[in-house]
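The structure under discussion appears below in the form of structure tokens.
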Amino acid sequence: MSSPTVETCAPLAVLGHDVLVPLASGAKVGYAALDYAASSPALQRVWDDVAAYAPYYGSVHRGAGYLSQLSTDLFEQSRRTVAEFLGLREGDQVVFTRATTDSLNLLAGAVPAGTRVFAFETEHHASLLPWAHAGLDVTYLRAPRSRAEAVAALDTALAGAPEGPKLLCVTGASNVTGELWPVAELTAAAHRHGARVVLDAAQLAPHHRVSVRELDVDWIAFSGHKIYAPFGAGVLAGRADWLDAAEPYLAGGGATRTVAREASGPVAVEWHTGPARHEAGSPNVIGAYAIASACRALTEAGWDALEAREQQLVARLKAGLAEIPQVKVLNLFGAAEDPQSVTQVGVLSFVVRGWNSSHFSAALSAEYGIGVRDGLFCAHPLVRTLLGDEEAAPSECGAPEPSLPGERSLNAIRVSFGAGTPDEHIDRFLAAVRELVTDGAAWNYRNEGGRCVATVQSDRGRREG
């Protein structure tokens with residue numbers, strides 16, 4: 001029985017959709033932004049909302065003037081908008097931060113002493129590293145090769161863990177493969193063993209509806225710059241108890257309820273509870289408002305339509321790459337258990353046999369105006385696992401330097417897209433990959449200051465020129 005057809009939507013309007021970029025040939029072409037996983041372009045709607053507010057910008061909290069009061073109301077309304085977007089429970093709180101990395105470091109500092117943290121080695125560095133940096137005991141779980149294996153591995157690890165508080169940190173969607181993780185199943189397993197869960201939703205929230213209540217996670221973290229909002233803001237949202245019991249993330253104004261000092265005694269401080277406790281200093285009201293605007297825009301566009309269109313682009317991309325024998329797509333879980341289910345967001349990484357990935361990515365940019373990402377994507381253990389015996393091919397650019405003595409040189413290419421991506425960008429990308437693989441680059445490249453730069457035309461370029 002076929003599933004009902006879901007109507008898709010047109011690409012959402014984003015800044016930069018009409019930007020022209022120079023090619024090595026001197027010509028200019030419309031830029032194809034296919035690096036959404038690093039930073040998505042800002043929605044035009046978000047930019048317009050921020051521009052409309054900008055003349056009314058004022059200090060947040062405690063100001064008596066009209067602009068200060070308006071800005072405070074806007075800031076707190078943004079908090080309520082984000083809470084609604086995330087489907088928070090009663091009593092949950094929203095703390096505005098600088099980004100996902102900042103959010104998870106904040107939580108790492110609030111975790112009770114003696115907590116053991118569990119994380120799969122497949123995590124982005126932002127969710128892999130803060131726990132040990134904060135002095136917590138961390139159990140790193142090996143990369144699972146199926147969703148069921150991930151749940152079983154966590155269940156076994158938690159069953160053998162000593163008594164005491166426990167925390168699982170897990171991604172919602174991989175920043176390398178785009179694969180969705182079984183968050184609800186992992187959360188159920190964690191809660192059976194008395195562990196809490198923080199969800200890294202940096203790559204999930206821009207692509208997929210997220211409900212903290214339905215997933216039953218304890219906290220969620222994401223970044224504004226991944227969800228079509230500029231200005232360097234992020235969110236940590238969820239349960240209040242650990243956050244209220246912890247020392248403030250930063251000491252300063254805004255986090256304090258009262259500060260007093262006797263003539264010869266120390267300074268006595270009473271800290272706020274609630275979000276203000278961890279938002280010392282003047283808050284980034286424009287960043288918070290931009291996130292809230294993006295949340296509203298995605299909700300109003302309709303998640304069913306947004307997801308349906310993105311899945312069409314995912315299918316188009318995967319089918320096109322599958323026709324190129326030299327391309328190897330990286331994945332952790334392999335084929336979907338249910339072909340009809342959504343198992344991936346608009347993020348995909350691959351290697352091209354015979355090519356260094358930095359060289360290939362540079363050619364996509366210099367010869368076709370296509371922006372992708374190459375390297376290990378701040379997920380070094382995962383990419384090394386996925387690449388296996390694949391070694392970065394030598395090139396005029398040179399392969400990336402190994403991070404440790406004796407390690408092989410590795411890198412991959414990542415293409416990522418989202419609600420603002422037109423079909424033409426995927427088609428142009430696939431045509432460029434086919435041409436580079438078949439005919440080679442039209443320019444020669446060399447390493448200049450760590451960048452792969454086009455120098456002179458290759459034999460192909462001279463023939464075509």
Side-chain angles (χ1 to χ4, degrees), residues 37-38 93 95-143 153-154 157-158 161-162 164-172 174-176 181 186 190 195-204 217-226 232-252 255 271 275 277-281 284 375-385 401-405 407:
Q93 59 182 227
V95 179
F96 286 115
T97 66
R98 292 180 296 174
T100 308
T101 302
D102 195 39
S103 296
L104 294 174
N105 276 272
L106 188 165
L107 183 61
V111 169
T115 298
R116 179 170 291 276
V117 179
F118 295 79
F120 289 91
E121 64 179 1
T122 48
E123 293 291 318
H124 186 281
H125 295 169
S127 49
L128 190 70
L129 302 180
W131 321 107
H133 187 69
L136 299 165
D137 289 327
V138 186
T139 297
Y140 297 107
L141 306 176
R142 296 189 65 82
L154 176 67
L158 290 172
K166 296 176 280 289
L167 176 69
L168 167 68
C169 180
V170 66
T171 188
S174 170
N175 78 301
V176 177
W181 276 65
L186 288 165
R196 297 191 180 194
V197 179
V198 56
L199 172 63
D200 173 358
Q203 300 299 336
L204 184 64
V217 295
D218 299 276
W219 294 278
I220 185 169
F222 70 91
S223 296
H225 72 101
K226 310 284 192 188
V235 167
L236 175 67
R239 300 195 183 280
D241 55 350
W242 284 8
L243 296 175
D244 282 347
E247 289 295 307
Y249 186 46
L250 298 172
W271 302 102
R277 187 179 187 87
H278 299 290
E279 292 178 346
N284 181 1
L376 300 178
F377 319 125
C378 292
H380 295 187
L382 171 57
V383 180
R384 291 191 178 103
T385 295
E401 290 297 318
S403 62
L404 294 172
E407 280 195 342

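When reading the values below, keep in mind they use all heavy atoms of this one structure, side chains included, and skip hydrogens, waters and symmetry mates. Positions are given from 1 along the sequence. Small disclaimer: the values here were computed from a predicted structure and weren't measured.
- Contact check for L154 versus L168: side-chain heavy atoms found under the 4.5 Å cut-off.
- Of all the heavy atoms in V176 and A379, the pair that sits closest is CG2-CB, 3.8 Å.
- Between L236 and W219 the shortest side-chain heavy-atom distance falls below 4.5 Å.
- Considering only heavy atoms from C-beta on, L243 comes within 4.5 Å of L107 through its side chain.
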Worksheet item: Can you list the steps and then say if T122 with W181 is a side chain to side chain contact (heavy atoms under 4.5 Å, CB included)?
Response: CA-CA 11 Å; T122 48; W181 276 65; 3.2 Å; yes
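- Side chain of E121 to backbone of P381: no donor-acceptor contact under 3.5 angstrom is found.
- In terms of heavy-atom proximity, A113 sits nearest to P165 at O-CG, 4.4 Å.
- Counting only distance, with no hydrogens or angles, the side chain of E279 and the backbone of V95 share no donor-acceptor pair below 3.5 Å.
- Between the NE2 atom of H225 and the OG1 atom of T100 there is a distance of 6.0 Å, given to the nearest 0.5 Å.
- Side-chain atoms of N175 come within 3.5 Å of backbone atoms of F377 as a donor-acceptor pair (strictly under, hydrogens ignored).
- Using a 4.5 Å cut-off on side-chain heavy atoms (C-beta onward), I220 and V198 make no contact.
- Among all heavy-atom pairs drawn from W271 and A251, the shortest one is CH2-CB, 3.9 Å.
- Although no hydrogens or angles enter the test, the distance criterion places a donor-acceptor pair under 3.5 Å between the side chain of S103 and the main chain of V235.
- In this structure, H278 contributes its side chain and T97 its backbone to no donor-acceptor pair below 3.5 Å.
- A salt bridge is defined here as a Lys NZ or Arg NE, NH1 or NH2 lying under 4.0 Å from an Asp or Glu carboxylate O, and D244 with R239 fails to meet this definition.
- In this structure, R116 is not positioned above the aromatic face of W131 in the sense of NZ or CZ being under 6.0 Å from the six-membered ring centre and within 45° of the axis.
- No donor-acceptor distance shorter than 3.5 angstrom exists from the side chain of S127 to the backbone of E123, with no hydrogens or angles considered.
- Separating the CG atom in L204 from the OG1 atom in T171 is a distance of 7.5 Å, to the nearest 0.5 Å.
- K226 places a side-chain N or O within 3.5 Å of a backbone atom of A38 that can act as its donor or acceptor partner.
- Summarising the geometry, atom CG belonging to L186 is positioned 5.5 Å from atom CZ belonging to F120; distances are rounded to the nearest 0.5 Å.
- Relative orientation of the H380 and H125 rings is perpendicular, given thresholds of 30° and 60° on the angle between their planes.
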Practice prompt. May I have the step-by-step check of side chain to side chain contact (heavy atoms under 4.5 Å, CB included) for W242 and V111, ending in yes or no?
Written response: CA-CA 6 Å; W242 284 8; V111 169; 4.2 Å; yes
Discussion item. Evaluate F118 against L158 for side chain to side chain contact (heavy atoms under 4.5 Å, CB included), listing each step before the verdict.
Written reply: CA-CA 8 Å; F118 295 79; L158 290 172; 3.5 Å; yes
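- With hydrogens and angles left out, the side-chain atoms of Y249 and N105 include no donor and acceptor closer than 3.5 Å.
- A pairwise comparison of heavy atoms in P112 and L136 identifies O-CD2, 4.2 Å as the closest pair.
- Summarising the geometry of A255 relative to L250, their closest heavy-atom pair is CB-O, 4.2 Å, with the distance given to 0.1 Å.
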